[in-house]
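Chain identifiers are assigned alphabetically (A, B, ...) following the order of the sequence lines, protein sequences preceding nucleic acid strands; residue numbering begins at 1 within each chain.
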Amino acid sequence: MEISFELNGEPVTVTVEPYMSLVDMLRAEMDVKSVKKGCEQGECGACTLLIDGAPVTSCLVLAPQVEGRHVTTIEGLEKNSLMIDLREAFIENGAVQCGFCTPGMLLSAYALLRDNPHPSMEEVKMGIEGNICRCTGFTKIIEAILDAVERIAPE
Amino acid sequence: MEYDKILSDILGREDFLVVGKNVVRTDALDKALGKAMYTADYVPRGTTLLKVYRSTVPHARIKSVDTAEALELPGVEAIYTGADVTGNNQIGYALPDQPFLNDEKVHYIGDPVALVCARDEYALEKAFQKISVEYEELPAMLDIDVSLSEDAVDIHEGGNIALTTRIRKGDAEKGFSEADVEVEETYWSPYQDHMYIETEAAYAVPEHGKVTVICNGQSPFLVREKVAHVLGWSLNQVRIIQALAGGAFGGKDDQGPLVSAYAAFAATKLGKPVALVWDRPESVSYSNKRFPARIKYRSGATEEGKVTAVEVDITLECGAYANRSPFWLWRQTAHAAGPYEVDNCSVDGRAVYTNKVYGGSFRGFGDLALHFAAETQMERLAYELSMDPIEFRLRNVLKVGSRTTCDQVLDHSVGLEQCLKAVRDASDWSSHREPVWEGSKVRGYGVGLAYHGISTSRSTPDWSAASILLNQDGSLTYRTGIVEIGQGSPFGHIKIVSEIIGVPPENIRIELPDTDSTLNAKPTHGSRGLMLGGTAAAKAALTLRENMVACASELFEVPYERIALVEGRAYDKEDPETSVSVRELAEEMYNRGYDPGAYGYFKAPKRFFDPETGLGVNYSVYTFAATVGEVEVDTETGETSVIRVWPAMDCGKAIDPLMIEGQIEGSISQGMGFALMENMELKDGLVINPGFKDYIVPSSMDTPQIEPCIIVEEPYRHGAFGAKGVGEPAIISVVPTITSAIHHATGLWFNTIPVRPWTMHKALKEAEP
């Protein structure tokens with residue numbers, strides 16, 4: 001079937017089987033490889049992306065469900081100022097090790113800070129609860145997100 | 001040459017440029033942009049997919065395999081069984097007990113029986129339903145005691161004991177006769193899954209008489225060896241390109257070669273590219289786990305607090321195959337007394353087959369289970385003696401001049417005592433000697449120590465190699481076979497190179513390991529990546545530096561000794577105005593005949609090991625660690641949380657303190673998971689919790705407050721700038737620290753991990769008066 005949606009601000013139309021998951025459509029049909037597959041159970045968070053701005057594990061979404069919606073992956077926020085602050089904070093705080101969870105983690109962190117620019121540490125932990133990182137033990141990721149809060153330019 | 005003195009003896013400087021400083025990793029930006037490529041990301045659209053068809057019974061003889069109906073299905077391209085293997089159908093690492101494709105017997109639920117190639121996952125699934133295997137089932141040995149019982153059925157020819165180990169040091173019985181107190185307990189530590197977020201994968205592309213495999217192993221040259229072995233080809237017909245790995249923790253060291261061999265085998269048979277990407281249930285159910293171990297431990301000490309003897313009996317559960325168990329069991333045997341000097345040690349070990357998923361490499365490699373037992377014994381002895389657990393440990397810890405369990409004399413680089421005193425003081429230990437109650441919750445403090453021999457065990461020759469190329473424009477290309485699995489060792493290498501040739505790390509590009517152009521660095525395991533690989537990098541850099549200095553010396557017409565290389569320039573120390581950029585220098589080197597390429601080969605000092613007595617110099621050097629931790633036990637729910645941790649480590653020399661902290665924090669999380677949460681559940685040999693839903697790993701919500709790591713630097717003279725390995729030593733003390741704190745809080749001893757809420761709840765109920 002044919003699906004039309006907006007990917008990172010660009011309208012796209014793809015032909016897929018109706019039972020294909022969103023992560024598979026993006027990776028296999030559209031070469032969007034930043035969306036990682038880690039569990040296909042909605043548990044690890046590696047495939048996190050934004051649908052109409054909300055963080056979602058794309059392995060639990062069927063491709064036809066994004067018809068007419070706005071899908072944002074990490075590529076779409078490359079030049080976004082909040083994402084730049086987050087990215088730099090991640091890099092400088094040692095929050096990136098193997099990097100496999102990083103795109104999904106950054107997208108969850110982005111959604112958190114966009115909606116709550118001054119989160120407490122507990123709120124940061126809750127904001128990334130759905131993203132598993134097996135390398136860092138989360139400490140540097142949490143520190144990086146709190147550091148990004150400091151970096152955000154006042155409006 | 002003493003590699004810890006490169007700075008003063010060769011570079012003639014007092015201060016480091018980049019070593020010891022936190023420098024932003026050069027690979028972090030691509031990873032944060034989502035542009036970093038992992039194995040599955042290289043697979044083009046439309047590539048033939050491969051899936052391993054596995055046994056559904058734990059122990060059986062294969063009577064027949066019928067694939068005819070499956071082969072008729074649309075989209076199914078080929079199915080291969082053991083009969084198709086024309087090279088070698090034997091892939092056991094240490095013992096020849098593991099078939100590549102099982103054609104006679106299966107030994108666990110998940111044993112590979114056939115390789116199915118199809119155009120997509122749906123065709124694969126249909127094919128799986130149509131393959132039929134007729135088994136003659138055999139009794140399943142699902143427990144080490146069943147495997148060892150008199151009426152046990154042999155899993156492999158030669159019986160169910162894969163190997164035994166033994167150490168006799170001093171006279172254990174004499175030691176116990178001198179002891180005033182004795183404790184004897186049996187400990188059990190179970191399987192642990194690596195749960196790297198990226199599953200096992202390989203993508204193989206065949207050409208005439210050659211195959212290229214992109215994969216996520218940990219030892220590209222071992223991958224090459226296994227692939228060539230299975231195909232019956234020579235090494236130069238196989239090219240392995242190691243992609244970035246999305247976590248590995250040892251697991252991919254064992255699985256990488258196998259997954260690559262399946263993909264390469266199918267691709268060469270089929271004559272077209274093939275991709276094999278495991279799904280999560282496959283990864284959890286069928287790949288190697290941390291080996292379970294039962295450790296019976298008897299210790300004795302005098303009233304003065306000196307440990308006089310230990311008697312340790314280790315039963316390691318191999319599962320279906322020996323895999324790396326000989327190395328694992330020897331490591332446990334050689335470290336059996338823990339990080340203490342004990343004059344009388346008697347250690348026996350055996351590795352036992354069962355019809356379950358096999359164990360294998362995992363961060364800490366045997367020392368986790370061993371230290372859980374050894375450290376809990378130390379706690380119990382301290383308790384029996386009414387001594388402070390840290391004070392008791394300080395009376396026994398390994399120091400310079402001490403002899404280890406295997407009678408190895410530690411002649412330098414032993415910083416354990418400093419680590420222990422540092423965490424004692426940082427945590428204000430003496431003010432926290434009483435548990436603190438608040439409502440139903442109680443908090444306690446615990447301590448744990450660790451030592452871990454770096455690199456491979458026993459007297460296996462150990463070496464590494466690396467190469468650097470100075471390009472005409474002054475940029476540099478660095479090649480190492482040490483792989484990037486998150487830990488950042490290759491970046492540590494280029495910091496070492498940068499320090500020596502005075503060119504910033506960002507000018508040095510790290511190429512992916514490619515066996516056609518990279519020198520063999522030997523595996524990325526045993527915490528050897530930085531220590532061995534980095535010293536090879538240092539040797540290469542020293543050679544390149546000589547050429548750079550010689551060229552600059554000719555150019556400036558001043559003696560060699562007057563040339564300095566810093567910040568991307570060469571200059572005359574007596575006249576700093578006389579200088580050239582590395583770009584100009586590179587051009588001159590090409591034109592004047594100075595070799596712009598260098599390789600470094602580093603051979604670790606020769607060791608000695610006697611397999612009869614178990615005594616000898618088992619490891620070149622040890623890394624030491626100490627942690628103090630605070631836990632909170634909710635006596636109503638039984639839930640245990642780690643609140644705060646104070647870590648310290650003697651890493652010889654911290655090449656990058658931030659990255660060491662990253663290893664330590666990650667280890668605390670992974671160790672906490674093992675101590676309190678993670679457990680593989682098996683029913684009749686089948687893993688019944690094969691995913692993140694039911695196999696619970698720590699999340700951000702479980703993260704304790706981790707204090708800045710105290711870094712102790714007792715340099716190792718055969719490691720670049722004195723550095724020793726870090727990745728594994730970081731996890732070993734975590735489990736006993738947690739169980740020690742649990743005991744402090746609740747008075748309960750736990751000899752089995754994990755201590756999950758229901759286990760704690762039950763123990764609390766039983767302890768009620």
Side-chain angles (χ1 to χ4, degrees), chain A residues 17 19 24 27-46 73-75 78 83 86-88 90-107 121-122 124-142, chain B residues 22 24-25 27-38 40-45 121-122 194-199 244-249 277 279-280 484-488 656 658-659 661-670 672 691-693 697-706:
Chain A
E17 298 293 343
Y19 44 75
D24 280 344
R27 286 185 58 84
E29 303 297 324
M30 306 179 75
D31 284 332
V32 181
K33 304 286 192 183
S34 69
V35 186
K36 305 299 183 195
K37 258 168 89 166
C39 73
E40 294 179 274
Q41 283 190 317
E43 290 285 329
C44 78
T73 65
I74 195 113
E75 289 89 347
E78 193 174 324
M83 184 54 91
L86 267 166
R87 187 166 69 220
E88 289 177 354
F90 264 58
I91 291 170
E92 289 167 25
N93 283 276
V96 180
Q97 284 193 27
C98 85
F100 201 78
C101 75
T102 307
M105 189 70 80
L106 277 167
L107 284 162
M121 184 184 278
E122 206 55 25
V124 168
K125 288 183 180 180
M126 284 169 68
I128 55 166
E129 192 186 5
N131 295 76
I132 299 295
C133 169
R134 192 62 159 164
C135 296
T136 65
F138 304 99
T139 300
K140 301 230 176 291
I141 293 173
I142 296 164
Chain B
N22 296 334
V24 169
R25 288 172 65 150
D27 60 347
L29 181 62
D30 273 358
K31 289 175 175 176
L33 286 168
K35 295 188 196 307
M37 298 273 280
Y38 302 83
D41 301 336
Y42 289 93
V43 179
R45 220 178 301 179
E121 288 174 17
Y122 308 102
H194 306 80
M195 282 294 191
Y196 19 69
I197 315 294
E198 182 209 23
T199 56
L244 298 174
F249 315 114
V277 181
D279 61 25
R280 180 59 54 184
E484 163 55 22
I485 51 179
Q487 87 290 32
D656 195 292
L658 188 71
M659 285 167 66
E661 271 182 21
Q663 287 300 304
I664 287 173
E665 290 160 1
S667 285
I668 289 170
S669 177
Q670 220 167 46
M672 183 176 74
F692 286 98
K693 253 186 175 56
V697 299
S699 81
S700 56
M701 300 306 288
D702 304 304
T703 308
Q705 181 183 339
I706 301 172

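By the 4.0 Å N-to-carboxylate-O rule, A/Lys37 lies too far from B/Asp279 to be salt-bridged with it.
Between A/Cys98 and B/Ile485, the shortest heavy-atom contact is CB-O, 3.7 Å. Across every non-hydrogen atom of A/Phe138 and B/Pro698, the tightest pair is CE1-O, 3.4 Å. Nearest heavy-atom pair across B/Gly247 and A/Cys135 is CA-SG, 4.5 Å. Nearest heavy-atom pair, B/Tyr38 versus A/Gly99, reported as atom, atom and distance to 0.1 Å: OH-C, 3.1 Å. Minimum interatomic distance between A/Lys36 and B/Asp41 (heavy atoms only, all atoms of both residues): NZ-OD2, 2.5 Å. Counting all heavy atoms, side chain and backbone alike, A/Thr102 lies closest to B/Ala32 at CG2-CA, 3.9 Å.
In this structure A/Glu92 satisfies the salt bridge (charged side-chain N to carboxylate O under 4.0 Å, His left out) test together with A/Arg151, sequence neighbours excluded. The salt bridge (charged side-chain N to carboxylate O under 4.0 Å, His left out) check on B/Asp27 picks up B/Arg25, B/Lys31, with sequence neighbours excluded.
Here OH of B/Tyr122 is found 7.5 Å from CD of A/Glu17. Values are rounded to the nearest 0.5 Å. Summarising the geometry, atom CD1 belonging to A/Ile74 is positioned 10.0 Å from atom NZ belonging to B/Lys35; distances are rounded to the nearest 0.5 Å. For the atom pair CD of B/Glu661 and CG of A/Asn93, the computed distance is 10.5 Å after rounding to the nearest 0.5 Å. Put simply, CZ on A/Arg134 and CD on B/Glu198 are 15.0 Å apart, with the number rounded to the nearest 0.5 Å.
Residue A/Thr139 touches chain B through both its backbone and its side chain, counting heavy-atom pairs closer than 4.5 Å. Heavy atoms of A/Lys140 lying under 4.5 Å from chain B belong to its backbone as well as its side chain. Interface remark: A/Leu106 contributes side-chain atoms only to the contact with chain B (heavy atom separation under 4.5 Å). Neither the backbone nor the side chain of A/Asn131 comes within contact range of chain B, judged by heavy atoms closer than 4.5 Å. Heavy atoms closer than 4.5 Å to chain A are found in the side chain of B/Glu121, but not in its backbone. Interface remark: B/Ala248 contributes no atoms to any contact with chain A (heavy atom separation under 4.5 Å). With a 4.5 angstrom heavy-atom cutoff, A/Met126 touches chain B via backbone and side-chain atoms both. With a threshold of 4.5 angstrom between heavy atoms, A/Ile132 approaches chain B through its backbone and through its side chain.
By number of non-hydrogen pairs under 4.5 angstrom with chain A, the leading residue of B/Val277, B/Ile664, B/Ile706, B/Thr703 is B/Thr703. In terms of non-hydrogen atom pairs under 4.5 Å with chain A, the most contact-rich of B/Leu33, B/Thr199, B/Val24 is B/Leu33. Contact tally against chain B (heavy-atom pairs below 4.5 Å) for A/Ile141, A/Asp31, A/Asp24, A/Thr73: the top residue is A/Asp31. Here A/Cys39 is the residue among A/Cys101, A/Gly94, A/Cys39, A/Pro103 with the most heavy-atom pairs under 4.5 Å with chain B. Ranked by non-hydrogen atom pairs under 4.5 Å with chain A, the options B/Met195, B/Glu484, B/Gln487, B/Gln663 are led by B/Met195.
The main-chain N or O of A/Lys125 is found under 3.5 Å from a side-chain atom of B/Ser700 such that the two form a donor-acceptor pair. When atom types are taken as modelled, the side chain of B/Arg280 and the backbone of A/Glu40 share no donor-acceptor pair closer than 3.5 angstrom. No side-chain donor-acceptor contact under 3.5 Å links A/Glu129 to the backbone of B/Met701. In this structure, B/Lys693 contributes its side chain and A/Glu43 its backbone to no donor-acceptor pair below 3.5 Å. No donor-acceptor distance shorter than 3.5 angstrom exists from the side chain of A/Arg87 to the backbone of B/Leu29, with no hydrogens or angles considered.
In the displayed structure, A/Met121 atom CE is contacted under 6.0 Å by at most 12 heavy atoms of other residues, nucleotides or ligands.
For B/Tyr196 and A/Phe100, the gap between ring centers reaches or exceeds 6.0 Å.
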